[in-house]
Amino acid sequence: MELDCRGLSCPEPVVLTKRAVKDNPASIDVLVDHVAGLENVSRFLRAMKYEVSVTEGKGEWRISAKK
Amino acid sequence: MTISKEKRNLAIAGILIGIISIVLVLLGNPKNMGFCIACFVRDIAGATKLHSAGVVQYVRPEIIGLVFGSFLISLLTKEFNPRGGSSPMIRFCIGFMVMIGALVFLGCPFRMVLRLSGGDLNAVVGILGFAAGIGIGSFFLSKGFSLGRAQKQSIVEGAALPAVNVLLLILFVAVPALFAFSEKGPGSMHAPILISLAAGLIVGCLAQRTRMCMVGGFRDLFLLKDGTLLFGFIAIFVAALVMNLATGNFKLGFTGQPVAHSAHLWNFLGMVVVGLGCTMLGGCPLRQLILAGEGNSDSAITVLGLLMGAAFAHNFSLAGVAGSADSVGGPGTNGKVAVILCLVILVGIACAKTFKKKEK
(Lines give C-alpha, C1' and ligand atoms only; values in the text may rest on other atoms or scores of the structure.)
Protein backbone atom coordinates (compact mmCIF):
# COMPACT_ATOMS: atom_id res chain seq x y z
CA MET A 1 0.00 0.00 0.00
CA GLU A 2 1.25 3.47 -0.88
CA LEU A 3 0.10 6.78 0.60
CA ASP A 4 0.98 9.99 -1.23
CA CYS A 5 1.20 12.82 1.30
CA ARG A 6 3.33 15.15 -0.81
CA GLY A 7 2.23 18.76 -0.57
CA LEU A 8 0.13 18.22 2.53
CA SER A 9 0.91 20.38 5.55
CA CYS A 10 1.26 19.16 9.12
CA PRO A 11 -0.37 17.13 10.59
CA GLU A 12 -2.25 15.77 7.58
CA PRO A 13 0.41 13.20 6.58
CA VAL A 14 0.35 11.59 10.00
CA VAL A 15 -3.46 11.78 10.27
CA LEU A 16 -3.79 9.99 6.92
CA THR A 17 -1.14 7.46 7.96
CA LYS A 18 -3.03 6.80 11.17
CA ARG A 19 -6.18 6.13 9.17
CA ALA A 20 -4.30 3.90 6.73
CA VAL A 21 -2.81 1.63 9.41
CA LYS A 22 -6.15 1.19 11.18
CA ASP A 23 -6.56 -2.22 9.54
CA ASN A 24 -3.03 -3.15 10.52
CA PRO A 25 -1.47 -3.71 7.05
CA ALA A 26 1.75 -5.74 6.96
CA SER A 27 3.54 -2.97 5.09
CA ILE A 28 2.93 0.61 4.01
CA ASP A 29 4.86 3.23 2.04
CA VAL A 30 4.28 6.91 2.76
CA LEU A 31 5.57 9.69 0.50
CA VAL A 32 6.23 13.08 2.13
CA ASP A 33 7.99 16.24 0.97
CA HIS A 34 8.94 18.04 4.16
CA VAL A 35 11.12 17.06 7.09
CA ALA A 36 8.51 17.71 9.77
CA GLY A 37 6.18 15.26 7.99
CA LEU A 38 9.01 12.76 7.63
CA GLU A 39 9.73 12.89 11.37
CA ASN A 40 6.08 12.84 12.46
CA VAL A 41 5.10 9.92 10.25
CA SER A 42 8.24 7.91 11.11
CA ARG A 43 7.72 8.51 14.82
CA PHE A 44 4.09 7.47 14.60
CA LEU A 45 4.83 4.31 12.61
CA ARG A 46 7.58 3.30 15.06
CA ALA A 47 5.12 3.81 17.91
CA MET A 48 2.76 1.48 16.02
CA LYS A 49 5.54 -1.18 16.14
CA TYR A 50 6.51 -0.91 12.49
CA GLU A 51 10.07 -1.21 11.27
CA VAL A 52 10.74 2.00 9.43
CA SER A 53 13.26 2.72 6.68
CA VAL A 54 13.58 5.93 4.69
CA THR A 55 14.82 6.54 1.14
CA GLU A 56 15.54 10.11 0.20
CA GLY A 57 14.68 11.50 -3.23
CA LYS A 58 14.92 15.04 -4.54
CA GLY A 59 13.17 17.10 -1.85
CA GLU A 60 10.96 14.16 -0.91
CA TRP A 61 11.13 11.00 1.10
CA ARG A 62 9.67 7.51 0.89
CA ILE A 63 8.98 6.05 4.30
CA SER A 64 8.73 2.26 4.09
CA ALA A 65 7.23 0.51 7.09
CA LYS A 66 6.97 -3.24 7.74
CA LYS A 67 5.66 -5.25 10.63
CA MET B 1 12.87 5.10 30.86
CA THR B 2 14.82 6.38 27.92
CA ILE B 3 14.06 9.75 26.44
CA SER B 4 14.07 9.90 22.65
CA LYS B 5 16.54 12.12 20.85
CA GLU B 6 13.71 14.34 19.66
CA LYS B 7 12.39 14.89 23.17
CA ARG B 8 15.89 15.55 24.50
CA ASN B 9 16.58 18.10 21.74
CA LEU B 10 13.23 19.79 22.32
CA ALA B 11 13.93 20.00 26.04
CA ILE B 12 17.39 21.53 25.49
CA ALA B 13 16.07 23.99 22.89
CA GLY B 14 13.14 24.87 25.15
CA ILE B 15 15.43 25.59 28.10
CA LEU B 16 17.65 27.83 25.95
CA ILE B 17 14.62 29.64 24.50
CA GLY B 18 13.17 30.14 28.00
CA ILE B 19 16.45 31.62 29.25
CA ILE B 20 16.83 33.89 26.19
CA SER B 21 13.25 35.12 26.66
CA ILE B 22 13.91 36.25 30.23
CA VAL B 23 17.28 37.80 29.31
CA LEU B 24 15.43 39.93 26.72
CA VAL B 25 13.10 41.17 29.47
CA LEU B 26 16.03 41.95 31.76
CA LEU B 27 17.60 43.94 28.91
CA GLY B 28 14.52 46.01 28.19
CA ASN B 29 11.64 44.08 26.61
CA PRO B 30 8.24 44.46 28.35
CA LYS B 31 7.61 42.06 31.24
CA ASN B 32 6.51 38.53 30.33
CA MET B 33 7.21 39.56 26.73
CA GLY B 34 10.71 38.33 25.98
CA PHE B 35 9.08 36.90 22.93
CA CYS B 36 5.57 37.31 21.60
CA ILE B 37 4.97 36.73 17.92
CA ALA B 38 1.57 38.42 17.99
CA CYS B 39 2.75 41.46 19.97
CA PHE B 40 5.93 41.87 17.92
CA VAL B 41 4.22 41.56 14.54
CA ARG B 42 1.67 44.06 15.87
CA ASP B 43 4.53 46.42 16.85
CA ILE B 44 5.97 46.11 13.34
CA ALA B 45 2.52 46.93 11.90
CA GLY B 46 2.60 50.04 14.09
CA ALA B 47 6.15 51.02 13.15
CA THR B 48 5.28 50.77 9.47
CA LYS B 49 2.20 52.95 10.14
CA LEU B 50 -0.33 50.28 9.22
CA HIS B 51 -2.01 51.28 12.49
CA SER B 52 -1.57 54.35 14.66
CA ALA B 53 -1.79 53.02 18.22
CA GLY B 54 1.04 55.14 19.66
CA VAL B 55 2.07 52.73 22.42
CA VAL B 56 2.77 49.69 20.23
CA GLN B 57 5.10 50.82 17.45
CA TYR B 58 8.58 49.36 17.04
CA VAL B 59 10.46 47.33 14.43
CA ARG B 60 11.11 44.20 16.50
CA PRO B 61 14.41 42.68 15.37
CA GLU B 62 13.37 39.40 17.05
CA ILE B 63 10.85 38.73 14.26
CA ILE B 64 13.39 39.50 11.55
CA GLY B 65 15.89 37.22 13.29
CA LEU B 66 13.41 34.34 13.64
CA VAL B 67 12.61 34.29 9.92
CA PHE B 68 16.19 34.81 8.85
CA GLY B 69 17.61 32.33 11.36
CA SER B 70 15.28 29.66 10.04
CA PHE B 71 16.19 30.66 6.45
CA LEU B 72 19.94 30.37 7.10
CA ILE B 73 19.84 27.09 9.00
CA SER B 74 17.50 25.53 6.44
CA LEU B 75 19.89 26.53 3.64
CA LEU B 76 22.79 24.99 5.59
CA THR B 77 20.96 21.74 6.28
CA LYS B 78 19.47 21.62 2.75
CA GLU B 79 15.97 21.79 4.21
CA PHE B 80 15.15 25.03 2.38
CA ASN B 81 12.20 23.84 0.35
CA PRO B 82 10.11 26.44 -1.53
CA ARG B 83 6.51 25.26 -1.59
CA GLY B 84 3.15 26.96 -1.73
CA GLY B 85 -0.31 27.08 -3.22
CA SER B 86 -2.33 25.36 -0.50
CA SER B 87 -5.30 27.73 -0.19
CA PRO B 88 -3.25 30.93 0.25
CA MET B 89 -6.26 33.24 0.59
CA ILE B 90 -7.90 31.08 3.25
CA ARG B 91 -4.58 30.96 5.11
CA PHE B 92 -4.32 34.75 4.93
CA CYS B 93 -7.80 35.07 6.45
CA ILE B 94 -7.11 32.50 9.17
CA GLY B 95 -3.85 34.31 10.02
CA PHE B 96 -5.83 37.55 10.24
CA MET B 97 -8.32 35.97 12.66
CA VAL B 98 -5.63 34.25 14.75
CA MET B 99 -4.08 37.68 15.29
CA ILE B 100 -7.39 39.15 16.44
CA GLY B 101 -7.83 36.28 18.92
CA ALA B 102 -4.26 36.68 20.16
CA LEU B 103 -4.61 40.44 20.63
CA VAL B 104 -7.87 40.03 22.54
CA PHE B 105 -5.97 37.71 24.91
CA LEU B 106 -2.83 39.90 24.64
CA GLY B 107 -0.34 37.34 23.46
CA CYS B 108 0.43 34.48 21.12
CA PRO B 109 0.81 30.91 22.49
CA PHE B 110 4.53 31.59 23.07
CA ARG B 111 3.80 34.61 25.28
CA MET B 112 1.02 32.64 26.98
CA VAL B 113 3.70 30.24 28.25
CA LEU B 114 5.94 33.15 29.27
CA ARG B 115 3.05 34.86 31.07
CA LEU B 116 2.37 31.64 32.94
CA SER B 117 6.04 31.42 33.96
CA GLY B 118 5.74 34.93 35.39
CA GLY B 119 2.83 33.84 37.61
CA ASP B 120 0.07 35.40 35.48
CA LEU B 121 -2.93 33.17 36.20
CA ASN B 122 -4.92 34.75 33.37
CA ALA B 123 -2.67 32.66 31.13
CA VAL B 124 -4.17 29.50 32.70
CA VAL B 125 -7.56 30.61 31.39
CA GLY B 126 -5.84 31.24 28.05
CA ILE B 127 -4.35 27.74 27.96
CA LEU B 128 -7.76 26.20 28.62
CA GLY B 129 -9.17 28.14 25.67
CA PHE B 130 -6.14 27.30 23.55
CA ALA B 131 -6.49 23.58 24.27
CA ALA B 132 -10.24 23.75 23.60
CA GLY B 133 -9.60 25.41 20.23
CA ILE B 134 -7.01 22.77 19.33
CA GLY B 135 -9.50 20.09 20.39
CA ILE B 136 -12.10 21.48 17.98
CA GLY B 137 -9.47 21.74 15.23
CA SER B 138 -8.28 18.19 15.88
CA PHE B 139 -11.85 16.93 15.54
CA PHE B 140 -12.07 18.47 12.05
CA LEU B 141 -8.61 17.09 11.16
CA SER B 142 -9.64 13.60 12.17
CA LYS B 143 -12.73 13.95 9.96
CA GLY B 144 -10.59 14.85 6.94
CA PHE B 145 -10.04 18.63 7.13
CA SER B 146 -7.48 19.80 4.58
CA LEU B 147 -6.49 23.08 2.98
CA GLY B 148 -5.24 21.14 -0.05
CA ARG B 149 -1.84 20.28 -1.43
CA ALA B 150 1.04 22.68 -1.87
CA GLN B 151 3.26 22.52 -4.94
CA LYS B 152 6.94 23.14 -5.51
CA GLN B 153 7.75 26.80 -6.03
CA SER B 154 10.76 28.74 -7.29
CA ILE B 155 13.62 29.77 -5.02
CA VAL B 156 12.63 33.43 -5.54
CA GLU B 157 9.12 32.70 -4.24
CA GLY B 158 10.51 30.83 -1.23
CA ALA B 159 13.10 33.49 -0.43
CA ALA B 160 10.72 36.45 -0.77
CA LEU B 161 9.71 36.84 2.88
CA PRO B 162 13.24 36.34 4.27
CA ALA B 163 14.40 38.99 1.75
CA VAL B 164 11.65 41.40 2.80
CA ASN B 165 12.79 40.93 6.40
CA VAL B 166 16.39 41.81 5.54
CA LEU B 167 15.21 44.90 3.66
CA LEU B 168 13.14 45.93 6.67
CA LEU B 169 16.18 45.51 8.94
CA ILE B 170 18.40 47.58 6.64
CA LEU B 171 15.85 50.40 6.44
CA PHE B 172 15.28 50.26 10.19
CA VAL B 173 18.99 50.66 10.92
CA ALA B 174 19.88 53.04 8.07
CA VAL B 175 16.80 55.29 7.86
CA PRO B 176 14.91 55.00 11.16
CA ALA B 177 13.09 58.27 10.40
CA LEU B 178 10.89 56.28 8.01
CA PHE B 179 9.21 54.49 10.90
CA ALA B 180 6.99 55.39 13.84
CA PHE B 181 8.37 54.52 17.30
CA SER B 182 6.49 54.50 20.59
CA GLU B 183 7.67 56.99 23.18
CA LYS B 184 5.77 55.26 25.96
CA GLY B 185 4.02 51.93 26.54
CA PRO B 186 5.18 48.43 25.56
CA GLY B 187 6.43 49.59 22.15
CA SER B 188 8.97 51.88 23.81
CA MET B 189 10.43 49.01 25.84
CA HIS B 190 13.00 46.93 24.05
CA ALA B 191 16.37 45.25 24.39
CA PRO B 192 19.30 46.64 22.32
CA ILE B 193 18.85 45.97 18.59
CA LEU B 194 21.82 43.63 18.15
CA ILE B 195 20.82 41.51 21.14
CA SER B 196 17.21 41.27 19.97
CA LEU B 197 18.38 40.30 16.51
CA ALA B 198 20.81 37.70 17.84
CA ALA B 199 18.09 36.29 20.12
CA GLY B 200 15.76 36.00 17.14
CA LEU B 201 18.42 34.29 15.03
CA ILE B 202 19.28 31.76 17.74
CA VAL B 203 15.66 30.95 18.57
CA GLY B 204 14.89 30.77 14.84
CA CYS B 205 17.62 28.17 14.36
CA LEU B 206 16.56 26.17 17.44
CA ALA B 207 12.89 26.20 16.49
CA GLN B 208 13.69 25.18 12.91
CA ARG B 209 15.87 22.27 14.00
CA THR B 210 13.44 20.93 16.59
CA ARG B 211 10.15 21.75 14.71
CA MET B 212 9.01 23.32 17.96
CA CYS B 213 5.34 24.24 17.87
CA MET B 214 2.99 25.32 20.64
CA VAL B 215 -0.06 24.01 18.76
CA GLY B 216 1.59 20.77 17.70
CA GLY B 217 2.06 19.70 21.33
CA PHE B 218 -1.61 19.59 22.25
CA ARG B 219 -2.71 18.56 18.76
CA ASP B 220 -0.47 15.48 18.64
CA LEU B 221 -1.53 14.60 22.15
CA PHE B 222 -5.23 14.72 21.17
CA LEU B 223 -4.86 13.09 17.75
CA LEU B 224 -2.02 10.62 18.23
CA LYS B 225 -1.57 10.33 22.00
CA ASP B 226 1.96 11.59 21.36
CA GLY B 227 3.25 14.27 23.71
CA THR B 228 6.67 14.74 22.11
CA LEU B 229 6.15 18.35 21.01
CA LEU B 230 4.81 19.26 24.47
CA PHE B 231 8.37 18.82 25.77
CA GLY B 232 9.43 22.10 24.14
CA PHE B 233 6.45 23.90 25.63
CA ILE B 234 7.16 22.55 29.12
CA ALA B 235 10.91 23.21 28.92
CA ILE B 236 10.34 26.87 27.99
CA PHE B 237 7.94 27.20 30.91
CA VAL B 238 10.26 25.60 33.47
CA ALA B 239 13.37 27.53 32.35
CA ALA B 240 11.51 30.86 32.28
CA LEU B 241 9.88 30.10 35.65
CA VAL B 242 13.25 29.43 37.30
CA MET B 243 14.70 32.59 35.74
CA ASN B 244 11.71 34.67 36.83
CA LEU B 245 11.96 33.34 40.40
CA ALA B 246 15.70 34.02 40.47
CA THR B 247 15.35 37.58 39.21
CA GLY B 248 12.34 38.54 41.32
CA ASN B 249 10.01 38.80 38.32
CA PHE B 250 7.59 36.10 39.49
CA LYS B 251 4.27 37.40 40.80
CA LEU B 252 1.39 34.97 41.27
CA GLY B 253 -2.15 36.20 40.68
CA PHE B 254 -4.77 37.50 38.28
CA THR B 255 -4.48 41.21 38.93
CA GLY B 256 -1.64 43.66 38.38
CA GLN B 257 -0.04 41.48 35.70
CA PRO B 258 2.00 43.19 32.98
CA VAL B 259 0.16 43.75 29.67
CA ALA B 260 -2.71 41.44 30.64
CA HIS B 261 -6.38 41.65 31.56
CA SER B 262 -8.73 39.52 33.67
CA ALA B 263 -11.83 39.37 31.47
CA HIS B 264 -11.82 35.56 31.77
CA LEU B 265 -14.44 34.74 29.16
CA TRP B 266 -12.60 36.79 26.54
CA ASN B 267 -9.18 35.45 27.47
CA PHE B 268 -10.68 32.00 26.99
CA LEU B 269 -12.53 32.72 23.73
CA GLY B 270 -9.62 34.71 22.27
CA MET B 271 -7.37 31.69 22.70
CA VAL B 272 -10.05 29.33 21.33
CA VAL B 273 -9.78 31.37 18.12
CA VAL B 274 -5.98 31.07 18.23
CA GLY B 275 -6.02 27.32 18.98
CA LEU B 276 -8.58 26.48 16.32
CA GLY B 277 -7.09 28.79 13.69
CA CYS B 278 -3.54 27.57 14.26
CA THR B 279 -4.60 23.93 14.13
CA MET B 280 -6.20 24.63 10.75
CA LEU B 281 -3.00 26.36 9.61
CA GLY B 282 -0.83 23.47 10.82
CA GLY B 283 1.19 25.43 13.36
CA CYS B 284 1.37 28.29 15.85
CA PRO B 285 2.47 31.82 14.83
CA LEU B 286 6.10 31.00 15.76
CA ARG B 287 6.00 27.92 13.55
CA GLN B 288 4.54 29.98 10.68
CA LEU B 289 7.53 32.35 10.86
CA ILE B 290 9.91 29.39 10.87
CA LEU B 291 8.17 27.67 7.95
CA ALA B 292 8.19 30.97 6.03
CA GLY B 293 11.96 31.05 6.58
CA GLU B 294 12.19 27.51 5.16
CA GLY B 295 10.62 28.75 1.94
CA ASN B 296 6.97 27.89 2.60
CA SER B 297 5.12 30.71 0.86
CA ASP B 298 1.77 29.62 2.34
CA SER B 299 3.22 30.41 5.74
CA ALA B 300 4.63 33.68 4.37
CA ILE B 301 1.09 34.64 3.30
CA THR B 302 -0.13 33.63 6.77
CA VAL B 303 2.44 35.98 8.31
CA LEU B 304 1.07 38.80 6.13
CA GLY B 305 -2.40 37.84 7.38
CA LEU B 306 -1.12 38.19 10.95
CA LEU B 307 0.34 41.61 10.09
CA MET B 308 -2.88 42.83 8.50
CA GLY B 309 -4.96 41.38 11.35
CA ALA B 310 -2.83 43.35 13.81
CA ALA B 311 -3.36 46.57 11.87
CA PHE B 312 -7.12 46.05 11.76
CA ALA B 313 -7.23 45.01 15.42
CA HIS B 314 -5.83 48.38 16.47
CA ASN B 315 -7.53 50.51 13.80
CA PHE B 316 -10.92 49.15 14.86
CA SER B 317 -10.29 48.81 18.61
CA LEU B 318 -10.55 45.03 18.68
CA ALA B 319 -7.57 44.32 20.94
CA GLY B 320 -7.94 43.69 24.65
CA VAL B 321 -7.12 46.60 26.99
CA ALA B 322 -4.70 45.80 29.79
CA GLY B 323 -6.24 45.76 33.26
CA SER B 324 -5.44 48.42 35.84
CA ALA B 325 -6.05 49.09 39.54
CA ASP B 326 -9.68 50.07 38.92
CA SER B 327 -10.56 47.87 35.95
CA VAL B 328 -10.17 44.23 34.96
CA GLY B 329 -9.60 45.44 31.39
CA GLY B 330 -10.45 43.28 28.39
CA PRO B 331 -11.82 43.87 24.92
CA GLY B 332 -14.53 46.44 24.16
CA THR B 333 -17.73 45.69 22.26
CA ASN B 334 -15.93 45.69 18.90
CA GLY B 335 -13.41 43.13 20.12
CA LYS B 336 -16.11 40.87 21.57
CA VAL B 337 -18.12 40.93 18.35
CA ALA B 338 -14.93 40.26 16.37
CA VAL B 339 -14.03 37.20 18.47
CA ILE B 340 -17.50 35.69 18.03
CA LEU B 341 -17.40 36.41 14.29
CA CYS B 342 -13.94 34.84 14.00
CA LEU B 343 -15.18 31.70 15.77
CA VAL B 344 -18.21 31.40 13.48
CA ILE B 345 -16.13 31.99 10.34
CA LEU B 346 -13.39 29.55 11.41
CA VAL B 347 -15.92 26.80 12.12
CA GLY B 348 -17.59 27.61 8.79
CA ILE B 349 -14.29 27.27 6.90
CA ALA B 350 -13.46 24.09 8.82
CA CYS B 351 -16.85 22.55 7.90
CA ALA B 352 -16.50 23.57 4.25
CA LYS B 353 -12.99 22.09 4.00
CA THR B 354 -13.88 18.91 5.93
CA PHE B 355 -17.28 17.81 4.70
CA LYS B 356 -16.67 18.60 1.05
CA LYS B 357 -17.49 16.37 -1.87
CA LYS B 358 -14.64 14.05 -2.76
CA GLU B 359 -12.24 15.79 -5.13
CA LYS B 360 -11.58 13.78 -8.25
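Letters A, B, ... mirror the listed sequences (proteins, then strands); counts begin at 1.
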Original post:
Any chance CD1 of B:Ile155 has more than 12 other-residue heavy atoms, nucleotides or ligands included, within less than 6.0 Å?
Top reply: no
**OP:** Just jot down the side chain to side chain donor-acceptor pair (under 3.5 Å) partners of A:Asn24, sequence neighbours excluded, or say none.
**Re:** A:Lys67
**OP:** Count the heavy-atom pairs under 4.5 Å between each of A:Cys10, A:Ala47, A:Gly59, A:Cys5 and chain B, then report the option with the highest count.
**Re:** A:Cys10
Subject >> With A:Glu51 via salt bridge (Lys or Arg N to Asp or Glu O under 4.0 Å) - residues at least two apart >> reply: none
Using distance alone, with no hydrogens and no angle check, list the donor-acceptor pairs under 3.5 Å between chain A and chain B.
unit_1, atom_1, unit_2, atom_2, d
A:Asp4, O, B:Arg149, NH1, 3.0
A:Asp4, O, B:Arg149, NH2, 2.9
A:Arg6, O, B:Arg149, NH1, 2.6
A:Gly7, O, B:Ala150, N, 2.6
A:Ser9, OG, B:Arg91, NH2, 3.3
A:Glu12, OE1, B:Ser146, OG, 2.6
A:Glu12, OE2, B:Ser146, OG, 3.4
A:Lys18, NZ, B:Leu223, O, 2.7
A:Arg19, NH2, B:Ser142, O, 3.1
A:Asp33, O, B:Asn81, ND2, 2.7
A:Glu39, OE1, B:Arg211, NE, 3.1
A:Glu39, OE2, B:Arg211, NE, 3.4
A:Glu39, OE2, B:Arg211, NH2, 3.1
A:Arg43, NE, B:Asp226, OD2, 2.9
A:Arg43, NH1, B:Glu6, OE1, 3.2
A:Arg43, NH1, B:Glu6, OE2, 3.1

Original post:
What are the two closest heavy atoms between B:Leu141 and A:Pro11, and how far apart are they?
Top reply: CD1-CG, 3.5 Å
Subject >> Under 4.5 Å from a heavy atom of chain A, the part of B:Leu147 involved >> reply: backbone
Original post:
So which of A:Val35, A:Val14, A:Leu16 has the biggest tally of heavy-atom pairs under 4.5 Å with chain B?
Top reply: A:Val35
**OP:** Using the test ring-ring contact (aromatic ring centres under 6.0 Å, His included), find all partners of B:Phe71 that sit at least two apart in sequence or belong to another chain.
**Re:** B:Phe68, B:Phe80
